[in-house]
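Heads up: the structure comes next, in C-alpha cells.
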Amino acid sequence: KKSELTVIEKYVKNHYAKPSNITLGKAKGKNVIVIHLESFQQFLIDDKVEGQTVTPFLNSIYHSKSTYAFSNFFHQVGQGKTSDAENMLETGTFGLAQGSLFAQLGSDQTFQAAPAILKQNGNYTSAVFHGNTASFWNRNSTYKNMGYENFLSASDFDVSGDKSTTYGLKDKLLFKDSVKYLQHLQQPFYAKYITVSNHIPYTLDAEDSDFDTPDTGDKTVDGYFKTANYLDQSIEEFFNFLKKSGLYDNSMIVLYGDHYGISNSSNPALAKTFAQDPDHFKEFGDNPTENWTSWDNAQLQRVPFMIHIPGMKDGGIQTQYGGEIDVLPTVLHLLGISTKNYLQFGTDLFSKSHDQVVAFRNNDFVTPTYSSIGNKLYDKDGNEITEPSEAFLKKVKKDRQAVKTQLSMSDSLNDKNLLRFYKNPDFKGKIDSSKYNYSTGLQ
Ligand code: GP9
Ligand code: MN
C-alpha cells in the first residue's frame with residue numbers, strides 16, 4: 001500500500017500546475033458559496049426556446065465582468081451523478097467508475113476535503129443546505145468525514161405538501177428558508193447549496209411558474225426548460241437576499257452544473273430546439289437535427305462553471321477546456337491556499353500548465369483540438385477522423401494513456417483509502433467525524 005501511495009504522489013507532483021499570478025489569492029478571505037445547479041447543462045445559457053429566454057439571470061451572471069465564466073467545462077461523473085460531482089469538488093479526486101463514491105466508500109473514507117482544508121486555512125465554518133432527506137446518497141455520513149460542521153436537510157425545513165417536488169423542498173423555498181441559518185454562520189464560511197427542482201421528472205406546480213411550457217415533442221425536454229427557468233429565478237432571489245443582507249460583497253459565489261439533465265436518447269428532440277436558434281448553436285451545424293452523432297452527445301456534456309466575485313472588473317468568458325476535477329485547485333488558489341501538497345487529480349484552470357485533456361468517467365475524452373468518443377476520433381468541428389496521420393495517432397495514444405492514468409491513480413487512492421497513510425505537511429491530523437451532529441440544526 002505504501003508503494004502504491006508513492007506512485008500516486010509522484011504522479012500528482014508531476015501533474016501539478018503552478019497557480020497563475022493574476023488569480024492567486026484574488027478572493028482571499030471571502031466567504032465561499034457553492035451553488036450546485038441540479039442537472040443543468042451549459043446549452044441553457046443564452047438559450048431561447050420558442051421565443052422565451054430560459055435563464056435570464058444566469059445569463060447575466062455568465063456575461064458579467066465580475067464573473068469568470070467557463071464555456072468549455074465538462075462534467076465528469078459516472079453513475080454516482082450528483083454525489084460524484086460533489087466528491088470531485090470537495091476532494092479533487094474522481095468519483096467511481098461504477099456506483100457512487102459517497103454510497104460505497106463515504107462512511108469510512110479518509111478525506112482531505114474542502115471544508116477541513118478551509119477550516120485549517122482561514123478558520124472557515126462550513127455548512128450544506130439541501131432540501132432532501134439527509135441520508136440520500138449517504139450524505140449524512142460522508143459529510144462528517146469531509147469535515148462539514150453543519151448539514152441542514154429536509155428535517156430542518158417545512159417540506160410538507162406542495163412545498164416539495166420529487167427530490168425535496170422547492171429551490172425558491174430552500175433559499176428563502178435557509179437565509180436565517182446563513183446569517184448566523186460565523187464568517188468566513190464555506191456554504192454549499194444543493195438544488196433539486198431541476199431534476200428529472202422536471203415537474204412543477206402550476207403556481208410556481210409562468211414560463212410557457214414548450215412543445216418539443218418530448219415531455220422530458222419540455223419540463224426541463226421550465227424547471228431550469230424556475231431554478232434561474234430561485235438563484236436570482238438568492239442573490240437579492242445576499243445583497244440585502246450585506247453578505248454579497250464579502251462572498252465568492254461558485255455556480256456549477258453537476259451533470260446532464262437530458263439523456264442521449266432525448267437529444268434529437270433537443271436538437272430541434274437548437275435548429276430554431278442556429279446562431280447560438282452553430283457548433284451543431286446549420287441543421288442540427290440531421291446526422292446526430294456521439295460527438296454531438298459529448299458536446300452536450302458541457303455544464304456551467306462560473307466564479308462570481310462581486311467587485312471584480314476583469315472577469316470574462318474563459319475558453320480553456322476543463323472539468324469538475326479542476327474545480328478544487330482552481331478555487332483554493334483563488335483563496336490564496338497552496339495545493340502543492342494535496343493529492344488532487346485536476347489542475348488550476350487559470351494555470352499556464354493547466355491540463356486541457358478532459359477525461360470522462362468512461363475513458364472518453366475531449367480536448368481543444370479533437371475528441372475521442374467511443375472508438376471514434378473527431379476533429380474540433382465534429383468530423384470523424386477516418387484517416388489519421390501517424391503523428392496524430394501518436395498524440396492520441398499519449399493523451400489516451402494520460403486519461404487512463406489520471407483515472408486509475410484516483411481510483412487506486414480512493415478504492416484503497418490510501419489517504420489514511422498520507423502525511424500532508426499542509427493538512428493536520430485526521431478529521432474526527434464524531435465531532436459532528438447534524439440532528440440539532442445549526443451547531
Ligand atoms: C438528491 C439529489 C439527486 O438529493 O441530489 O441526485 P442525482 O439523482 O442527480 O444524482
Ligand atoms: Mn444531480
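Small disclaimer: the values here were computed from a predicted structure and weren't measured. Order of appearance sets the numbers: ligands from 1, and atoms from 1 within every ligand.
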For this session: State the atoms of ligand 1, each with its element, that fall below the 4.0 Å cut-off from a heavy-atom position in W137.
Result: 6 (O), 7 (P), 10 (O)

For this session: Just let me know how R139 lines up against ligand 1, side chain, backbone, both or neither, with a heavy-atom cut-off below 4.0 Å.
Result: side chain

Exercise. Between F241 and Y248, does the ring centroid distance fall short of 6.0 Å?
Worked result: no

Exercise. Of H36, K81, E86, which has the heavy atom at the shortest distance from atom 10 (O) of ligand 1?
Worked result: K81

Problem set entry | Verdict with supporting geometry, K119 and E149, salt bridge (Lys or Arg N to Asp or Glu O under 4.0 Å) | CA-CA 10 Å; K119 178 102 247 169; E149 294 169 337; 2.7 Å; yes

Exercise. Mind checking whether the Mn ion (ligand 2) has an N, O or S of H199 under 2.8 Å?
Worked result: no

Problem set entry | Presence of salt bridge, D258 and K81, under 4.0 angstrom | no

For this session: Report the distance from atom OH of Y148 to atom CG of N140, rounding to the nearest 0.5 Å.
Result: 14.5 Å

Exercise. Quick one: nearest non-hydrogen protein atom to atom 7 (P) of ligand 1, plus distance?
Worked result: T82 OG1, 3.1 Å

Exercise. Would you say S39 has an N, O or S atom lying under 2.8 Å from the Mn ion (ligand 2)?
Worked result: no

Seminar exercise, completed: The closest protein heavy-atom partner of atom 4 (O) of ligand 1 is H130 NE2, 2.6 Å

For this session: Run the ring-centre check on Y193 versus H130 and record whether the distance is less than 6.0 Å.
Result: no

Problem set entry | Among N198, D171, T203, the one residue meeting side chain to side chain donor-acceptor pair (under 3.5 Å) with T227 | N198

Exercise. Does the N or O separation between S39 and ligand 1 drop below 3.5 Å for any pair?
Worked result: no

Exercise. For I45 and T55, which heavy atoms make the closest approach, and how far apart are they?
Worked result: CA-OG1, 4.1 Å

Exercise. Quick one: angle E38 OE1 - the Mn ion (ligand 2) - D258 OD2, to the nearest 10°?
Worked result: 80°

Problem set entry | Heavy atom of the protein closest to atom 8 (O) of ligand 1 (residue, atom name, distance) | H199 NE2, 2.8 Å

Exercise. Counting each atom of ligand 1 from 1 as listed, which ones have a heavy atom of H259 under 4.0 Å away?
Worked result: 9 (O)

Problem set entry | Salt bridge present between D158 and K163 (N-O < 4.0 angstrom) | yes

Exercise. What are the atoms of ligand 1, with element, lying closer than 4.0 Å to any heavy atom of E38?
Worked result: 9 (O)

Exercise. When the aromatic ring centroids of F151 and Y143 are compared, is their separation below 6.0 Å?
Worked result: yes

Seminar exercise, completed: A student checking ligand 1 against F136 at a 4.0 Å heavy-atom cut-off should list atoms 1 (C), 4 (O)

For this session: Of the side chain and backbone of N132, name the one, both, or neither that has a heavy atom under 4.0 Å from an atom of ligand 1.
Result: side chain

